[in-house]
Amino acid sequence: EIENIEKELSKPTIETSMSNTGAASAALAIEQSAEIAWTSLIKTPSQLVERKVGPFWLTQFLGAGGSGIVYKAYHVQLGREIALKIFYPFDPSLTDYYQLFERGFRALGALQHPNIVRIFDSGQIDIGHADAYYLQMEYVDGSPLDEWSKTLGKDDAAFTQRLDAALVMARALQAAH
């Protein structure tokens with residue numbers, strides 16, 4: 001749980017207990033603590049459920065992938081249910097990468113199509129002493145595509161349903177480009 005992460009973060013690291021070289025050691029200790037917290041979060045992303053992170057109350061773990069973790073959340077200040085994607089942190093020295101993310105978020109926020117979720121906000125949030133980008137999106141209740149597809153049969157009608165879904169996705173993708 002998050003309390004365990006906080007306890008881990010408060011423990012002195014080898015570097016901070018063996019040497020007292022000031023700010024450099026403190027920065028290294030924070031960086032190592034952040035790595036511990038993120039490693040734990042990646043292994044068990046549901047540990048943040050029923051926790052407040054920034055202005056968001058995380059209510060359900062929805063999924064994780066190569067770039068981040070997605071939660072169903074409640075925006076406390078705005079009073080609305082959202083989907084929140086928290087991207088895994090990356091090297092802060094990669095300023096071009098950060099700028100690319102920000103341009104991408106602006107482009108996503110400008111999209112308006114009935115089959116593309118709306119983007120409400122993006123920014124940075126502190127998770128375990130590490131900043132991570134987040135994307136606040138419209139929450140759409142439903143099943144993941146692969147689960148929905150498994151509920152269909154293998155007959156011609158099921159094929160037609162899958163094809164119709166693929167055409168809807170293709171039109172949304174076309175609108176995005």
Side-chain angles (χ1 to χ4, degrees), residues 1-6 8-9 27 30-148 165-166 168-177:
E1 293 198 356
I2 199 74
E3 289 87 15
N4 293 336
I5 292 172
E6 289 170 350
E8 284 295 319
L9 293 174
I30 289 171
E31 182 179 319
Q32 289 175 338
S33 295
E35 287 176 18
I36 292 168
W38 270 100
T39 301
S40 174
L41 184 60
I42 291 166
K43 290 179 182 173
T44 318
S46 60
Q47 66 186 301
L48 285 182
V49 172
E50 299 302 323
R51 306 279 183 213
K52 189 171 185 276
V53 176
F56 312 106
W57 181 259
L58 306 182
T59 59
Q60 182 182 353
F61 165 70
L62 296 177
S67 63
I69 304 168
V70 181
Y71 296 94
K72 180 178 177 182
Y74 182 78
H75 193 295
V76 176
Q77 295 164 329
L78 298 179
R80 79 170 149 203
E81 198 171 60
I82 60 155
L84 183 71
K85 180 167 189 170
I86 301 174
F87 292 88
Y88 302 130
F90 45 87
D91 186 347
S93 68
L94 302 173
T95 54
D96 291 343
Y97 199 58
Y98 281 116
Q99 291 170 353
L100 180 65
F101 254 126
E102 290 169 356
R103 280 196 309 267
F105 291 157
R106 279 194 297 279
L108 287 172
L111 292 176
Q112 292 188 355
H113 188 274
N115 299 109
I116 298 175
V117 297
R118 291 178 296 159
I119 306 299
F120 297 131
D121 189 25
S122 65
Q124 288 184 317
I125 197 164
D126 180 56
I127 307 277
H129 300 292
D131 282 339
Y133 273 98
Y134 70 85
L135 196 58
Q136 181 190 152
M137 303 170 279
E138 168 185 21
Y139 174 73
V140 179
D141 194 21
S143 299
L145 183 61
D146 62 334
E147 289 179 20
W148 169 79
V168 167
M169 290 182 283
R171 287 186 195 107
L173 187 59
Q174 180 183 27
H177 289 86

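Just so it is clear, the structure is predicted and the values come from calculations on it, not from any experiment. In what follows, residues are counted from 1 in the order of the sequence shown.
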Problem - Point-to-point distance, once rounded to the nearest 0.5 Å, from CD of Q124 to CD1 of I86 - result: 13.0 Å

Practice task
Could you tell me which non-hydrogen atom of R80 sits nearest to which non-hydrogen atom of F120, and how far apart they are?
Solution key: NH2-CG, 3.6 Å

Problem - K52 side chain to G54 backbone, donor-acceptor under 3.5 Å - result: yes

Completion exercise
Looking only at heavy atoms, the pair that brings A64 and Y88 closest together is CB-OH, 4.0 Å

Completion exercise
In terms of heavy-atom contacts, L84 and A73 come closest through CB-CB, 4.3 Å

Exercise for the section: Determine the minimum heavy-atom distance between S122 and L135, stating which atoms define it. Expected result: CB-CD1, 3.9 Å

Practice task
Return yes when atom CD of Q174 has more than 12 non-hydrogen atoms of other residues, nucleotides or ligands closer than 6.0 Å, and no otherwise.
Solution key: no

Handout entry: Close aromatic pair by centroid cut-off 6.0 Å: Y134 and F56
Key = yes

Problem - Flag, side chain of T59 to backbone of K72, donor-acceptor distance under 3.5 Å - result: yes

Handout entry: Validation row: L62, Y139 side chains within 4.5 angstrom (heavy atoms)
Key = yes

Exercise for the section: Determine the minimum heavy-atom distance between Y74 and G79, stating which atoms define it. Expected result: OH-CA, 3.1 Å

Exercise for the section: Kindly determine whether Y71 and L48 satisfy side chain to side chain contact (heavy atoms under 4.5 Å, CB included), including the steps that lead there. Expected result: CA-CA 9 Å; Y71 296 94; L48 285 182; 3.9 Å; yes

Handout entry: From L111 atom CG to R106 atom CZ, the distance as rounded to the nearest 0.5 Å
Key = 13.5 Å

Practice task
Considering non-hydrogen atoms only, spot the tightest contact between H75 and I82 and give its length.
Solution key: N-CG1, 4.5 Å

Practice task
Using atom types as modelled and distance alone, determine if a side-chain donor or acceptor of Q136 lies under 3.5 Å from a backbone N or O of D121.
Solution key: no

Practice task
Look up atom CZ in F87 and atom NZ in K85, then write down how far apart they are to the nearest 0.5 Å.
Solution key: 4.5 Å

Handout entry: E81 CD to E138 CD distance, which is reported to the nearest 0.5 Å
Key = 11.0 Å

